[in-house]
Amino acid sequence: TGIVVLTMKASVIEMFLVLLVTGIHSNKEMIQKSTRAKFTVPQINCDVKAGKIINPEFIVKCPAGCQDPKYHVYGTGVYASYSSVCGAAVHSGVLNNSGGNVLVQKVAGQSSYKGSYSNGVQSLSLPRWRESFLVSESKPKKGVTYPSVLTYSSGKPPAAKADETTNTYQKSSVPGTTAQPVTLMPMLSNLEAEAAHTTSQKSSLLTPSATGSPRPQPVGHRSRELGETHLRMEPALLAGFVPKEELSTQALEPASQGDPNCKVDLSFLIDGSSSIGKRRFGIQKQFLADIAQALDVGPSGPLMGVVQYGDNPATQFNLKTHMNSPDLKAAIEKITLKGGLSNAGRAISFVTKNFFSKANGNRRGVPNVAVVVLDGWPTDKVEETSKLARESGINIFFITIEAAVESEKHYVVEPSFANKAVCRTNGYYSFNVQSWFALRKTVQPLVKRICDTDRLACSKTCLNSADIGFVIDGSSSVGTSNFRTVLQFVANLSKEFEISDTDTRIGAVQYTYEQRLEFGFDKYHTKADILNAIKNVGYWSGGTSTGAAIHYTLEQLFKKSKPNKRKLMILITDGRSYDDVRIAAMAAHQKGVITYAIGIAWAAQDELDIIATHPARDHSFFVDEFDNLYKSVPKIIQNICTEFNSQPRN
Ligand SMILES: *[C@@H]1O[C@H](CO)[C@@H](O)[C@H](O)[C@H]1NC(C)=O
Ligand SMILES: *[C@@H]1O[C@H](CO)[C@@H](O)[C@H](O)[C@H]1NC(C)=O
């Protein structure tokens with residue numbers, strides 16, 4: 001019986017324990033429930049950018065003091081996620097400088113953000129960003145759980161956060177596009193058999209008879225006997241291998257309009273030199289086909305053309321020849337090797353002059369990208385031609401495959417040519433691929449960089465990317481002689497910029513009581529013509545209605561500004577306005593027109609500060625007499641460039 005009692009005791013204890021545990025458990029659940037119902041609002045600092053926080057919707061507590069120009073805000077109403085969350089909340093009027101709670105919702109990236117001055121915060125304009133957010137009062141919505149703890153992106157600056165873009169990009173692209181080791185495997189068994197065949201193919205290619213003309217192996221160009229061992233697996237990649245089922249589904253699908261998140265005009269410069277050999281050329285074509293597939297080519301997305309270069313370059317097809325990925329892939333398949341040297345420099349020059357034309361399908365306001373694929377090294381120089389290409393607005397990428405090894409370095413005509421060709425030497429615009437076999441791994445990173453148009457700002461500078469409108473006071477107080485000085489000042493400022501239809505454009509308005517358009521942005525196309533036109537502006541003489549002049553300039557000049565241009569207004573006056581400038585100035589600021597106010601002699605400082613974009617100390621200038629006007633030219637140019645360069649273009 002003692003045993004029975006013992007067992008009973010044990011089970012009682014057991015039951016007790018079970019009850020105890022359940023009790024604790026349900027207690028825990030209660031705690032959880034109550035926190036869910038009444039979550040604690042996470043706090044952030046003024047400088048935290050929305051892009052840093054991964055949560056799509058959240059409530060945060062902002063501290064006091066976020067109404068400070070050092071917390072940059074981009075946009076109005078809809079803010080680029082590069083903005084300070086709390087700064088945007090103050091700008092939008094959801095919070096004041098005392099801080100408080102704010103509800104943040106992430107929304108899609110925009111193609112442009114307009115800056116404005118509101119609630120004591122000057123927000124800036126931004127051409128494009130990958131993600132935006134909205135701010136509103138922190139009234140929690142029913143059925144939405146707000147996080148008590150925010151998830152931050154890995155502590156990297158937002159610039160490095162492009163991974164997110166890739167993910168979405170990968171999701172949207174056709175499945176089974178690139179890097180398919182599967183397609184390789186079945187072919188491996190053929191390798192040994194192929195090896196003998198391909199070797200003889202290569203050597204026959206190198207003999208003059210194969211190209212039809214006696215073209216000796218160029219001095220300094222790689223002898224292809226080297227590195228042949230890397231190429232064992234090449235036959236698997238030959239001839240643009242495409243799985244059958246992929247072909248059949250493509251035929252049924254309607255042609256894609258293209259990926260709208262990747263609107264670029266793209267030129268591939270492929271190496272067609274004799275030394276590359278047919279098999280490497282085949283890999284290069286497969287690489288192009290993979291890119292074409294991964295890009296989702298179409299009229300509303302990326303367009304792609306191909307130029308093959310040897311001794312001389314030739315266009316295989318231009319931007320509008322094949323406007324969808326399947327057609328493009330089929331056309332790539334048909335490209336045959338040209339032969340000759342590797343004159344990449346000449347090819348870049350050709351692309352700059354001939355490729356990106358309207359007749360070839362080049363679209364206005366769409367970034368131009370040239371990707372140079374290069375076997376080893378070029379047989380001519382690329383630095384100068386690449387610079388010209390970049391200056392004409394082409395973003396250059398260099399992919400060097402099997403770069404010169406130590407014993408080959410003396411053949412290279414231009415050491416570190418790739419760094420000299422691209423606009424930044426941090427490796428963003430150049431790829432070094434160890435072997436042709438590894439080229440496929442470049443497809444995804446290259447496509448990601450090509451499509452990240454925010455970062456394709458390489459060729460844009462403070463001097464070549466604006467529409468500048470001069471607003472010139474022609475009132476009687478100026479006088480004929482001083483008016484000439486003002487025109488010289490306008491000419492001296494204009495001279496500093498790179499002027500053409502695709503670079504900076506200049507327009508001018510003269511005002512008294514009335515206003516007249518001297519010339520619009522599209523009237524003149526060269527610097528010489530602009531300077532001449534400025535010189536020929538006739539002095540009007542009359543009153544001073546500066547407010548009306550600003551309104552007129554917005555309507556008559558800036559309405560015709562291109563969306564991808566920075567808008568700069570430079571207003572020059574020698575006196576106080578007869579009308580009120582506040583509303584006109586605010587309209588300019590709200591439209592994202594960056595306004596500089598230059599006052600001479602009798603001009604009123606307070607009025608200049610109202611006209612000028614915030615902060616006024618950077619945008620408002622005063623000189624006591626006309627003869628000192630020339631002194632402010634360098635400072636104005638410097639401020640324009642400093643402001644341009646301080647905007648994120650990661
Ligand atoms: C800021 O807003 C809070 C709440 O709306 C209000 O109580 C406070 O007076 C405001 N502070 C200022 C300086 O306007
Ligand atoms: C414009 O430039 C010329 C030549 O550099 C100079 O002599 C003149 O003083 C400048 N004038 C103004 C108003 O900037």
Side-chain angles (χ1 to χ4, degrees), residues 41 43-46 59-69 71 73 84-104 117-121 135-140 463 468-475 477-499 504 506 508 510 518 527-539 568-575 596-603 608 619-641:
V41 179
Q43 289 204 19
I44 57 171
N45 291 331
C46 297
I59 296 177
V60 283
K61 184 170 168 55
C62 288
C66 295
Q67 187 191 41
D68 188 306
Y71 307 120
V73 177
S84 148
V85 169
C86 300
V90 177
H91 180 270
S92 68
V94 171
L95 294 183
N96 60 23
N97 201 30
S98 325
N101 291 357
V102 54
L103 169 61
V104 179
Y117 185 72
S118 143
N119 301 307
V121 175
V135 286
S136 53
E137 281 173 38
S138 63
K139 291 211 188 79
L463 301 180
I468 304 177
F470 287 97
V471 186
I472 305 164
D473 180 350
S475 61
S477 55
V478 176
T480 316
S481 154
N482 287 335
F483 190 74
R484 291 290 123 205
T485 307
V486 169
L487 292 184
Q488 224 184 47
F489 172 73
V490 170
N492 286 3
L493 279 174
S494 302
K495 259 186 218 162
E496 299 287 330
F497 292 89
E498 293 163 23
I499 291 168
T504 290
I506 308 270
Q510 184 181 177
E518 299 291 354
K527 194 180 280 187
D529 288 348
I530 289 286
L531 296 180
N532 199 40
I534 292 168
K535 205 166 74 190
N536 289 326
V537 169
Y539 177 42
L568 297 181
M569 175 156 71
I570 301 179
L571 183 140
I572 304 141
T573 180
D574 81 327
Y596 283 81
I598 322 295
I600 311 146
W602 307 279
L608 297 175
H619 300 91
S620 160
F621 291 81
F622 179 83
V623 292
D624 48 3
E625 50 184 314
F626 285 87
D627 286 345
N628 286 332
L629 204 44
Y630 75 96
K631 287 184 188 163
S632 53
V633 171
K635 185 70 184 153
I636 293 168
I637 298 293
Q638 189 192 329
N639 286 11
I640 288 173
C641 285

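Atoms within each ligand, like the ligands themselves, are counted from 1 in listed order.
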Between the side chain of [X] and the main-chain N/O of [Y], is any donor-acceptor distance below 3.5 Å?
{"X": "Asn536", "Y": "Asn532", "result": "yes"}
{"X": "Thr504", "Y": "Ile499", "result": "no"}
{"X": "Tyr596", "Y": "Phe621", "result": "no"}
{"X": "Asn97", "Y": "Gly65", "result": "yes"}
{"X": "Gln67", "Y": "Asn119", "result": "yes"}
{"X": "Thr573", "Y": "Gly599", "result": "no"}

How close does the nearest protein non-hydrogen atom get to [atom], and which residue and atom is it?
{"atom": "atom 9 (O) of ligand 2", "answer": "Tyr630 CB, 3.9 Å"}
{"atom": "atom 1 (C) of ligand 2", "answer": "Asn492 ND2, 1.4 Å"}
{"atom": "atom 8 (C) of ligand 1", "answer": "Asn96 ND2, 3.7 Å"}
{"atom": "atom 13 (C) of ligand 1", "answer": "Ser98 OG, 4.1 Å"}

Next on the checklist: Is atom 11 (N) of ligand 1 near the protein, in the sense that some protein heavy atom lies at less than 4.0 Å from it?
Outcome noted: yes

Checklist entry - For atom 5 (O) of ligand 1, is some protein heavy-atom partner under 4.0 Å away? => result no

Checklist entry - Does an N or O anywhere in Thr485 fall below 3.5 Å from an N or O of ligand 2? => result no

Checklist entry - With only distance considered, is Gln488 within less than 3.5 Å of ligand 2 through an N or O on each side? => result yes

Checklist entry - Looking only at the SG atoms, are Cys62 and Cys86 under 2.5 Å from each other? => result yes

Checklist outcome for this item: Atoms of ligand 2 under 4.0 Å from any heavy atom of Phe489, numbered from 1 in the order shown, are 13 (C), 14 (O)

